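Everything on this sheet refers to the single structure shown next.
Because the structure is a prediction, the values reported are computed rather than measured. Order of the sequence lines fixes the chain letters, A, B, ..., with proteins taken first and strands second; residue numbering starts at 1 for each chain.
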There are 2 protein chains.
Amino acid sequence: MEHLIPIGQFAAMTRLSAKALRLYDENGLLPPARVDPTTGYRYYRPDQVAPGRLIRLLRAADVPLAEIRALLAEPGVARLDAYVRDLEARHAGQARVLRYVRRMFDEEGAGAAMTHEVKAKEVAAQPYAGRSEVVSIARLEPFITESIRDLTARVTPVGPPFAVYHDPINDEADGRIEVGVPTAERQPDGDELPAGLVAYTVVEGAQTDYPEILGAYDAVADWAKRHGHELVGAPREIYLANAAGGEQARMEIAWPIR
Amino acid sequence: MEHLIPIGQFAAMTRLSAKALRLYDENGLLPPARVDPTTGYRYYRPDQVAPGRLIRLLRAADVPLAEIRALLAEPGVARLDAYVRDLEARHAGQARVLRYVRRMFDEEGAGAAMTHEVKAKEVAAQPYAGRSEVVSIARLEPFITESIRDLTARVTPVGPPFAVYHDPINDEADGRIEVGVPTAERQPDGDELPAGLVAYTVVEGAQTDYPEILGAYDAVADWAKRHGHELVGAPREIYLANAAGGEQARMEIAWPIR
DNA sequence: GCTTGACTCTGCCCCAAGGGCAGGCCCCAT
DNA sequence: ATGGGGCCTGCCCTTGGGGCAGAGTCAAGC
């Protein structure tokens with residue numbers, strides 16, 4: 001109990017503000033060693049300076065308080081590394097989007113090369129074996145590739161695999177996605193893509209990556225609207241070729257219309 | 001005035017929420033083409049879809065609305081590039097801090113090698129020629145190097161240049177810094193570092209970079225406190241050697257004490 | 001023409017992580 | 001004991017919306 005430090009001095013030693021320290025008290029991040037029960041004055045121990053400085057460093061790197069609390073509770077390098085990986089992924093995503101916007105700005109004068117040829121076609125009913133799950137944007141790609149691998153091993157595909165997006169999936173919201181491979185006969189536990197009219201376009205190469213792919217979806221939706229159609233149901237991506245074989249990735253975006 | 005689109009449809013076309021669209025209206029980012037004066041209903045033109053989608057892309061990259069407004073007002077690639085440079089600098093800063101924290105976590109078990117030897121010494125009064133300015137953290141380094149170059153060209157230095165930090169300078173707040181080179185005689189427009197006791201430590205190499213340098217400041221402040229001294233006035237950095245000459249950077253952190 | 005269901009409006013409260021201020025105690029040195 | 005500075009709580013503000021309540025509106029079916 002010796003050498004208790006009032007909040008002002010402790011703030012100077014940790015370079016945190018008194019206001020921030022009160023907040024960290026409320027949040028249980030760094031509760032003072034003693035709080036005078038009658039006056040409410042906060043007093044800190046000298047050995048709380050080091051955690052305080054650590055919190056300040058992490059806040060300087062914009063680490064959320066919830067993550068800091070977790071790091072303090074479990075002070076291994078593993079959780080920190082996981083956070084850093086996550087952060088780097090977010091940074092990379094931002095950079096990709098900004099590069100795309102830069103190209104949009106650039107090509108505005110030079111005649112936008114980012115157009116998509118959209119057509120309509122009548123498709124027959126197509127039985128398939130599928131798997132459906134609610135996934136986050138981070139789990140999206142792994143889920144698709146793993147599902148295709150598993151399904152292809154289980155049934156004999158009679159066409160390229162596809163994914164149906166039942167909900168929008170983005171940074172804020174998870175959503176349901178269904179991955180399927182078409183089969184000749186209807187499977188016992190399988191479903192069927194209904195017959196009907198679809199608007200579609202084919203994209204390849206860099207156009208198949210996010211955020212470029214959004215342009216293709218927009219083009220299909222715009223085309224349908226301009227031609228007096230109405231979008232019905234969920235859009236699907238049909239994976240005609242992936243980039244693994246040294247070729248370019250190629251996929252069809254198809255959206256049922258009426 | 002043909003084909004005006006109510007907010008719900010426009011939201012679907014741009015993948016923005018109606019709530020966000022109302023906010024962008026208030027902020028002047030994307031005001032609807034028409035607002036019914038009696039009902040308050042918002043109606044958009046089809047040619048507002050493209051700007052709406054652009055805003056959504058930029059928001060997905062976490063660009064602040066104020067910056068988006070500026071980008072829309074001045075749609076060149078220059079402003080966007082400036083933003084991206086700024087963003088990358090921030091990302092790099094976060095990564096540096098997190099690498100530092102990672103080393104702290106790592107060395108916690110293996111005996112922290114991040115200690116500083118602090119001593120006290122009596123210094124004589126030192127006249128100098130100096131320049132003072134309120135700078136942001138981004139302008140800090142350029143101001144120091146430019147000031148040293150200019151001052152060294154103007155007077156004959158009798159010792160290594162230094163910087164006095166009158167305020168804390170960090171991401172949130174600018175602060176006053178003074179850069180000086182010591183001179184033999186007091187200059188007409190010059191000032192003088194007062195004689196007195198200082199606590200100091202010498203750091204070199206990677207220790208001279210942010211955020212590692214914070215450890216040296218903390219060590220000096222802690223040492224002063226533990227030895228019953230009081231910090232008075234502003235700390236200074238004395239640039240004993242910089243990294244340009246193939247050598248390691250080396251600097252002294254000195255803080256007047258009583 | 002009327003009803004109904006879907007759409008839209010404004011206004012309020014909420015999140016993170018504090019900054020800033022007001023009004024009121026409290027602590028310590030003289 | 002009396003200052004002056006330190007500290008307390010509580011309230012409003014920021015960014016970029018999400019969510020809800022209650023009320024008003026639009027369009028389609030009957």
Carboxylate-amine/guanidinium proximity below 4.0 Å for Arg102(A) and Asp106(A): yes
Approximate separation, where rounding is to 0.5 Å, of Ile68(A) CD1 and Tyr83(A) OH: 8.5 Å
Note: Glu230(B)-Lys225(B) ion pair, threshold 4.0 Å (strictly below): no
Pairwise distance CG(Leu57(A)) to CG(Leu98(B)) - rounded to 0.5 angstrom: 9.5 Å
Under-4.0 Å salt bridge between Asp86(B) and Arg90(B): yes
Rounded distance [0.5 Å steps], OH in Tyr217(A) versus CD1 in Ile253(A): 4.0 Å
Interatomic distance, Arg34(A) CZ vs dC8(D) P [rounded to whole Å]: 12 Å
Contact check, side chains of Leu21(B) and Leu30(B), non-hydrogen atoms, under 4.5 Å: yes
Atom pair distance, as rounded to whole Å: CG in Leu4(B) and P in dC26(D): 14 Å
Sorted by number, the residues of residues 6-26 of chain B with heavy-atom contact under 4.0 Å to DNA chain D: Ser17(B), Lys19(B), Ala20(B), Leu23(B), Tyr24(B)
Cationic N near anionic O, under 4.0 Å, Glu212(A) to Arg96(A): no
Heavy-atom contact window of chain B on DNA chain C, given 5' to 3' at under 4.0 Å: dC7(C) to dT10(C)
Glu133(A), CD atom: more than 12 neighbouring heavy atoms under 6.0 Å: yes
Interatomic distance where CZ belongs to Arg42(B) and P belongs to dT25(D) [whole Å]: 15 Å
Centroid separation His229(A) to Trp223(A) less than 6.0 Å: yes
Given DNA chain C, 5'-ward residue of the pair Thr39(B) and Tyr43(A), judged by closest heavy atom: Thr39(B)
Earlier contact from the 5' end, DNA chain D, for Thr38(B) and Asn27(B): Asn27(B)
Salt-bridge criterion met for Asp191(B) and Arg131(B) (N-O under 4.0 Å): no
Proximity to DNA chain D (any heavy atom under 4.0 Å), residues of residues 52-67 of chain B only: Arg59(B), Pro64(B), Leu65(B)
